[in-house]
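Have a look at the structure below, then the notes.
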Amino acid sequence: METILEFSAFSLDAAILQQVTELGYGRPTPIQAQGIPPVLQGRDLLGIAKTGSGKTAAFALPIIERLNQRPETVSSRGTRSLILSPTRELAGQIEQSFKNYGQGLNLKSAVVYGGVGKQPQIDALELGLDILVATPGRLLDLYQRGHIDFSNLEFFVLDEADMMLDMGFLNDVKKVIDLLPDEKQTLLFSATMPEAIEKLSENLLIDPIRVEVDSSSTVVESIEQKIYTLEKCNKPYLLNSLLENPEFRSVLLFCKTKFGADRIIEGLERTPIACAAIHSGKTQAVREQALKSFKEGKIRVLVATDIAARGIDIDNVSHVINFNLPEDPKSYIHRIGRTGRAGKSGIAISFCVESEVALLKSIGKLTKQFFSVDSEQPFHKEISFSFRASMKNKKKKKASKKRR
Ligand code: ADP
Ligand code: MG
């Protein structure tokens with residue numbers, strides 16, 4: 001397929017192109033280059049590309065263009081497009097992106113999600129919208145109370161479909177889909193394609209164009225990856241010593257559980273380092289405030305769990321630190337993809353204790369890379385990377401199979 005190298009080569013309104021330029025976008029990313037033309041032509045699309053690859057603009061730009069080509073007054077409670085997003089933070093970011101790209105055009109947008117009061121959302125829906133961004137639960141709630149009418153719907157986007165599945169929202173998503181009119185243009189975006197999402201897409205999309213860019217098992221080249229092996233009890237000390245270096249300007253730190261996150265915060269609060277945590281135990285307001293302060297550079301360390309951080313667009317992260325290695329090797333790619341974005345270089349550091357070596361090995365297998373351990377740190381501990389023990393087990397299994 002011929003790929004478009006300049007935004008100006010898309011048939012987009014001059015006002016949209018100007019916003020894209022003002023946002024500092026140089027060239028379309030691969031998912032945008034391949035996804036925008038078929039969406040402009042009215043085709044259904046299945047877009048598969050990893051976090052940070054610019055999927056939002058891949059659907060927002062052509063939808064804005066098409067809405068703007070045929071301006072329409074939408075009746076109260078109606079909306080011309082619906083974007084489903086798994087989390088409040090992402091939904092908010094998507095609506096903001098629509099606002100940014102569509103500045104100067106006369107399009108009405110709103111976002112609805114749980115955890116905040118309904119009335120302002122109901123008021124926004126009353127106006128009739130061009131763009132509605134929503135999380136599934138609150139959308140269903142507002143629909144059931146009669147505040148939404150889908151009969152004018154022209155565009156439906158299911159964003160971050162794999163994350164919907166991971167978070168247990170697939171049933172709600174299906175309920176929403178059942179409410180929508182048959183005739184519409186549908187776009188589905190996902191970082192990975194688990195079986196359940198593949199199935200859903202087959203039912204949902206009509207004769208879609210499938211655009212799949214750089215498989216989710218590749219790590220952006222501009223990210224420098226370091227492995228620090230150490231004793232478990234030394235993790236907080238190593239963290240403190242790393243943070244003495246001012247080059248660790250804005251650090252996204254991942255850990256396994258919300259309790260772990262809180263413990264790290266307790267430790268950091270004894271130092272002058274400004275920090276905050278985002279996880280499922282925090283209220284919406286607290287999470288949003290933490291994210292905002294982090295983006296504004298007011299806090300240096302943001303501690304997060306995988307679910308709280310996935311998909312969130314945080315620019316300018318200087319370092320990602322894996323305080324714990326993720327159980328799912330794909331999470332490793334998602335996590336470290338938060339640094340080294342849009343061509344910038346970034347550093348990803350993973351703490352690894354003896355019991356995590358197997359996790360590191362499965363990450364290496366997925367990303368097809370060998371990790372070398374960095375011993376230039378004060379708490380370095382030699383850890384054996386030999387896998388003789390597990391090899392022995394395998395042989396035993398084989399032997400027992402033969403005997404049977
Ligand atoms: P995804 O949904 O694939 O995870 P996003 O749509 O959130 O990715 O985009 C990630 C970041 O890249 C955002 O900050 C966005 O503004 C930026 N971005 C998107 N497209 C481009 C582009 N063509 N050039 C530069 N930056 C871009
Ligand atoms: Mg996204």
Side-chain angles (χ1 to χ4, degrees), residues 19 23 51-61 63-64 79-103 107-125 127 129-143 147-148 155-164 166-167 169 172-173 176 187 189-191 252 276-299 302 304-317 334 338 341:
Q19 290 311 319
L23 287 166
T51 301
S53 56
K55 294 192 286 295
T56 313
F59 61 80
L61 295 176
I63 288 179
I64 291 171
T79 181
R80 299 179 68 192
S81 54
L82 170 68
I83 294 89
L84 269 194
S85 169
T87 69
R88 308 145 176 188
E89 287 88 352
L90 283 174
Q93 276 176 22
I94 293 168
E95 203 237 347
Q96 190 55 50
S97 298
F98 270 94
K99 282 212 163 90
N100 293 342
Y101 303 144
Q103 225 181 80
L107 298 173
K108 266 186 269 171
S109 64
V111 57
V112 304
Y113 48 66
V116 295
K118 282 179 202 155
Q119 198 52 49
Q121 300 178 356
I122 294 169
D123 293 344
L125 289 164
L127 298 173
L129 297 167
D130 293 287
I131 299 138
L132 174 63
V133 186
T135 55
R138 176 57 63 94
L139 184 75
L140 285 170
D141 183 1
L142 291 170
Y143 179 85
H147 297 296
I148 307 176
F155 300 94
F156 172 53
V157 181
L158 178 58
D159 193 26
E160 311 277 357
D162 55 348
M163 194 172 165
M164 293 278 197
D166 288 352
M167 295 179 73
F169 295 163
D172 278 354
V173 168
V176 171
L187 319 175
F189 287 87
S190 201
L252 182 57
I278 52 169
H279 58 60
S280 57
K282 299 275 179 188
T283 64
Q284 167 67 3
V286 168
R287 280 154 70 169
E288 269 176 14
Q289 186 53 49
L291 209 59
K292 187 159 170 274
S293 306
F294 185 63
K295 283 185 181 175
E296 288 169 354
K298 287 182 190 148
I299 62 175
L302 184 68
T305 55
D306 282 310
I307 287 278
R310 242 179 91 182
I312 288 179
D313 175 29
I314 308 172
D315 252 346
N316 263 328
V317 174
H334 284 300
R338 323 322 290 279
R341 277 203 166 183

Main-chain N/O of [Y] paired to [X] side chain as donor or acceptor, under 3.5 Å:
X	Y	answer
Thr79	Leu82	no
Gln121	Tyr113	yes
Thr135	Ser85	no

Practice problem: Could you please spell out the steps behind the side chain to side chain contact (heavy atoms under 4.5 Å, CB included) verdict for Asp306 and His334? | Solution: CA-CA 9 Å; Asp306 282 310; His334 284 300; over 6 Å; no

Indicate yes or no: at least one non-hydrogen side-chain atom of [X] is less than 4.5 angstrom from one of [Y].
X	Y	answer
Pro136	Met164	yes
Gln284	Val116	yes
Lys108	Ile131	no
Ile278	Glu89	no
Leu132	Val111	no
Val133	Leu84	no

Quiz prompt | Asp130 bridged to Arg80 by N-O distance under 4.0 Å | solution = yes

Quiz item: Looking at Glu95 and Lys99, does any basic side-chain N land under 4.0 Å from a carboxylate oxygen?
Solution: yes

Quiz item: So which pairs with a foot in residues 133-142 pass salt bridge (Lys or Arg N to Asp or Glu O under 4.0 Å), sequence neighbours left out?
Solution: Lys118-Asp141, Asp141-Arg145

Distance, nearest 0.5 Å, that separates [atom1] of [X] from [atom2] of [Y]:
X	Y	atom1	atom2	result
Phe59	Phe156	CZ	CZ	11.0 Å
Ser190	Met163	OG	CE	11.0 Å
Glu288	Ser293	CD	OG	11.5 Å
Gln119	His147	CD	NE2	7.0 Å
Thr56	Gln96	OG1	CD	12.0 Å
Tyr101	Leu61	OH	CG	6.0 Å

Quiz item: Could you go step by step and tell me if Ile64 and Phe98 meet the side chain to side chain contact (heavy atoms under 4.5 Å, CB included) rule?
Solution: CA-CA 8 Å; Ile64 291 171; Phe98 270 94; 3.7 Å; yes

Quiz item: So among Leu158, Ile83, Asp159, Asp162, which one has a side chain to side chain contact (heavy atoms under 4.5 Å, CB included) with Phe189?
Solution: Asp159

Exercise. State, without any angle test, whether Gln93 and Ser97 hold a side-chain donor-acceptor pair at a distance under 3.5 Å.
Key: no

So which atom in [X] and which in [Y] form the shortest heavy-atom distance, rounded to 0.1 Å?
X	Y	answer
Leu139	Ala134	CD1-CB, 3.7 Å
Arg88	Arg287	NH1-NH1, 4.3 Å
Leu129	Ser109	CD2-C, 3.9 Å

